[in-house]
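First the structure, in the form of structure tokens, and then the observations on it.
Just follow the structure's listing: the first ligand is 1, and inside any ligand the first atom is 1.
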Amino acid sequence: MVITKNDVQHLKTPCFVLDKYELKKCINDFQKALDTRFDDSIIGYSVKTNALPYCLKVAKDSGCFAEVVSFQEYELALEIGFNKRHIIYNGPLKSKETFLDAIQHDAIVNIETWREIDWLDDLPKNQKYEIGIRLNINTTAISKEDAFGENDDSRFGFSYESGDFQKAVELIRAKRHVRLVGIHTHKESKTRSVRFYQRVIAYVLPILTGLRLQLKYWDVGGGFFGPMPGKPTFDDYARCFRTALDGSPYANVRLVVEPGNALLSSPFSYVCSVIDVKQHDGKRFVTTDGTRNDVDPFFHKEDYFKRFVYSDTPQLCHQPQVVGGLTCLEYDRLFTLPEGVETLNVGDRVIFDRVGAYTMALTPLFIHYLPTVYLKGNDGDYTIIRKEWGVDEFIRKSIS
Ligand SMILES: *Cc1c(COP(=O)(O)O)cnc(C)c1O
């Protein structure tokens, strides 16, 4: 829990609240779990999951690398102060310039597209450079119990089954100035189970040994649970990687993880206020100054870790309460409370916990601009680490 009910009255809503101690704790606990089983391991903070500059700084100061997936995220990581050696560069949206720059400055670069293989020819030939490559993972084929839907294939990485992976490896091997030293096997599973990673490793090992790849690192990607009762722990994941790699030629590789959700969900809460209530069609329609765009931008969630702060002692409500957001879209409905629970009134507040991953990074500039972000201090004080965006920020670089 980032925020207590007493504190919440003083905040300007809608807003996010960050508990940086929780973020640090997630990072430290994951690193400790890895250190117990691996001599050499790295946590790459998934920048796309939450690119708030303050969080990037906390991640950097806690020893994380920045895991970036576009030339702009690469530039953002540099702006925050990450050393190029502490950047993991993934995804199809690398620019040629930043791709070559990253390789020449010893970043971890995982090849995702054919054009990147061509770009390698533009590196100066008088030196040796190290790169990695992403392998395509079809979850249904490897572990159908962990799959999203019937056919959980992937758009990313080179496929072994199609022959693309071998072809890419051969093309890279033919370049005398480049050494392939890393494998990247990120895939998010539906279940986030330990079993999934065991099966991924069991699938990948014979491919690597078959091609006699000599690796320095194995980047297993993200897709982990954060601290949640009853769910796999960081220690469970670390143990699974240790066991799966033991006895293989890759038992001593540097293990790279790229957690997004696991680090960023729990350190953030979101607070909004009830601004109006109407009564019709047998329901109570409660309007807030928050929006589902802020806490569930994919509109997939069925429920939230939510709490209420009432201005007065509430009566029980004999109708369902439809709690909606600030936008003028009918479907901006956050949740519906069943009849018989406490009545929401103007001035009451709703707190959403565990909302730091894939939320604020995806907030559209729709009707309401980016909301305030507070940092929660040790002694119940709150400081603003991002001011609410206004018209000035919105029209910047536009011409009218
Ligand atoms: C999105 C992403 C992550 C983070 O995934 P989570 O499921 O949030 O842990 C890690 N690596 C890559 C390559 C990604 O695209």
Is the closest basic N to carboxylate O distance between [X] and [Y] below 4.0 Å?
X      : Y      : result
Asp236 : Arg239 : yes
Glu67  : Lys48  : no
Asp246 : Arg242 : yes
Lys283 : Glu339 : no
Lys306 : Asp353 : no

The protein residues that pass the under-4.0 Å heavy-atom test against ligand 1 are Ser46, Lys48, Thr49, Glu67, Asn90, Arg134, His184, His186, Glu188, Arg192, Gly222, Gly223, Glu258, Pro259, Gly260, Asn261, Tyr358
Query raised in the report: Can Val277 be reached from Phe308 by stepping across I, L, V, M, F, W or Y side chains whose heavy atoms are under 4.5 Å apart?
Result: yes
